[in-house]
Amino acid sequence: ITVTVNKADPAAEAPTARKLTYNGIAQQLVTGGSATGGTLEYSLDNKSWSAAVPTARDAGSYTVYYRVAGDANHNDVPAQQLAVSIRKHSLTVTAQDLEKTYGDADPALTFVAIGLVHGDRLTGELTREKGEDVGRYAITKGNLALEKAAAGNYTLVFQPGNLIVTPRTVTLAWRNDAFTYDGRAHAPIATATGLVGADQCAVTVTGKQTNAGSYTATATRLGNANYALPKAVTHKFTIDKAAIRITADDAIGPDNPDVG
């Protein structure tokens, strides 16, 4: 009597796809399955097989093939497949708000990056909107980017910043602070000093007076929006009394022989 004992099908627990996000290191793509009566094998190309759970580092889509290689008493189980994704890592780059005084050199344009992992780096530089007058200028991404090897592993969100140019404070030089009464209104003259390059900046002074006395003049406005008045904007001045010149008329009387 010939008795044939057929191979049994192995008992197997299929692997499952893992939910993965790029972290800069190789990660197992599936949770390991198991097999009783054979060896669970994996492949990423359906050609080369191994019992080791497959890994990948970069963000992207992967197909994991798996099968059971039966032993002497168990059948092989044909290959099946799983779709697995490694999501891109979120990276936020925020340009820092900066400030400078009109006429000064720009500060270094800096940023804060949140989300870089495992030594990945950004290269390049930020740029800013052109302009030197007092105002607000956008700081933009420029050529700042992830290094080439890491670029495909991130979703980059850039938050622009601002460079604020503030007015430069002038120094006031006063002159003509003593007058003599002449019936006209007078006030000292203020000149703005400490200007940048060939800039001009007129100073408006209030407080003109006509009569003799001691007074205070005030610088109230500058004629150039790139400059600001200092804290000390007043200056004392005086108008002296005018000297009176008296001229006597020729006398008429008995001592004057020409009078008859």
Side-chain angles (χ1 to χ4, degrees), residues 17-30 43-45 48 53-64 81-171 192-201 222-230:
R18 298 182 66 199
K19 294 181 179 181
L20 302 171
T21 299
Y22 171 78
N23 64 3
I25 59 177
Q27 303 179 80
Q28 290 187 337
L29 295 172
V30 295
S43 174
L44 290 177
D45 60 6
S48 301
V53 176
T55 63
R57 176 182 179 275
D58 292 329
S61 297
Y62 298 88
T63 299
V64 177
Q81 66 188 56
L82 283 173
V84 184
S85 295
I86 299 179
R87 294 186 297 273
K88 293 183 179 183
H89 200 283
S90 178
L91 172 62
T92 300
V93 177
T94 303
Q96 293 183 298
D97 290 335
L98 299 168
E99 187 174 295
K100 75 165 187 172
T101 299
Y102 169 75
D104 289 351
D106 278 8
L109 302 181
T110 54
F111 60 87
V112 174
I114 299 176
L116 287 172
V117 297
H118 205 67
D120 290 340
R121 298 183 304 110
L122 291 160
T123 61
E125 296 179 344
L126 302 175
T127 57
R128 76 166 180 91
E129 184 181 359
K130 292 182 179 180
E132 295 299 331
D133 290 337
V134 166
R136 182 184 298 265
Y137 300 90
I139 299 174
T140 56
K141 186 170 174 285
N143 63 355
L144 187 71
L146 284 152
E147 57 187 355
K148 186 175 180 180
N153 292 318
Y154 290 89
T155 299
L156 192 155
V157 176
F158 180 77
Q159 301 289 345
N162 291 289
L163 172 66
I164 298 174
V165 181
T166 60
R168 177 175 290 275
T169 300
V170 301
T171 298
T193 64
L195 304 182
V196 175
D199 281 357
Q200 296 183 348
C201 183
L222 297 176
N224 188 326
N226 290 320
Y227 294 93
L229 288 165

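Just so it is clear, the values below take in all heavy atoms, side chains as well, and ignore hydrogens, waters and symmetry mates. Note that the structure is a prediction, hence the values are computed from the model and not measured.
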Per the side chain to side chain contact (heavy atoms under 4.5 Å, CB included) rule, which among Leu98, Asp97, Asn162 passes with Ile139?
Leu98
For Glu132, enumerate each residue passing the salt bridge (Lys or Arg N to Asp or Glu O under 4.0 Å) test, keeping only those at least two apart in sequence or located in another chain.
Lys100, Arg128
Could you tell me whether a side-chain N or O of Asn153 sits under 3.5 Å from a main-chain N or O of Ala59, the two making a donor and an acceptor?
yes
Using the test ring pair (Phe, Tyr, Trp, His ring centres under 6.0 Å), find all partners of Tyr62 that sit at least two apart in sequence or belong to another chain.
none
Is the backbone N or O of Ser48 less than 3.5 Å from a side-chain atom of Ser43, with the two atoms forming a donor-acceptor pair by type?
yes
Show the nearest heavy-atom pair for residues Leu82 and Ala17, with the distance to one decimal.
CD1-N, 3.8 Å
Can you list everything that forms a side chain to side chain contact (heavy atoms under 4.5 Å, CB included) with Thr63? Sequence neighbours excluded, please.
Tyr65, Gln81
Not counting sequence neighbours, list each pair that qualifies as a salt bridge (Lys or Arg N to Asp or Glu O under 4.0 Å) and has a residue in residues 144-155.
Arg121-Glu147
Any residue meeting side chain to side chain contact (heavy atoms under 4.5 Å, CB included) with Val53, in chain and number order, not counting sequence neighbours
Gln28, Val30, Tyr42
Can you list every ring pair (Phe, Tyr, Trp, His ring centres under 6.0 Å) pair that touches residues 90-123, not counting sequence neighbours?
Tyr102-Tyr227
Rounded to the nearest 0.5 angstrom, the CG-CG distance for Leu156 and Leu144 is 7.5 Å
Check step by step if side-chain contact (heavy atoms from CB on, under 4.5 Å) holds for Leu195 and Asn224.
CA-CA 10 Å; Leu195 304 182; Asn224 188 326; over 6 Å; no
Quick one: which of Asp104, Asp199, Thr101 gives a side chain to side chain donor-acceptor pair (under 3.5 Å) with Arg168?
Asp104
Taking atom types as modelled, find out whether Thr140 and Thr127 have a side-chain donor-acceptor pair closer than 3.5 angstrom.
yes
Can you check side-chain contact (heavy atoms from CB on, under 4.5 Å) on Tyr22 and Lys88, steps first, answer last?
CA-CA 6 Å; Tyr22 171 78; Lys88 293 183 179 183; 5.9 Å; no
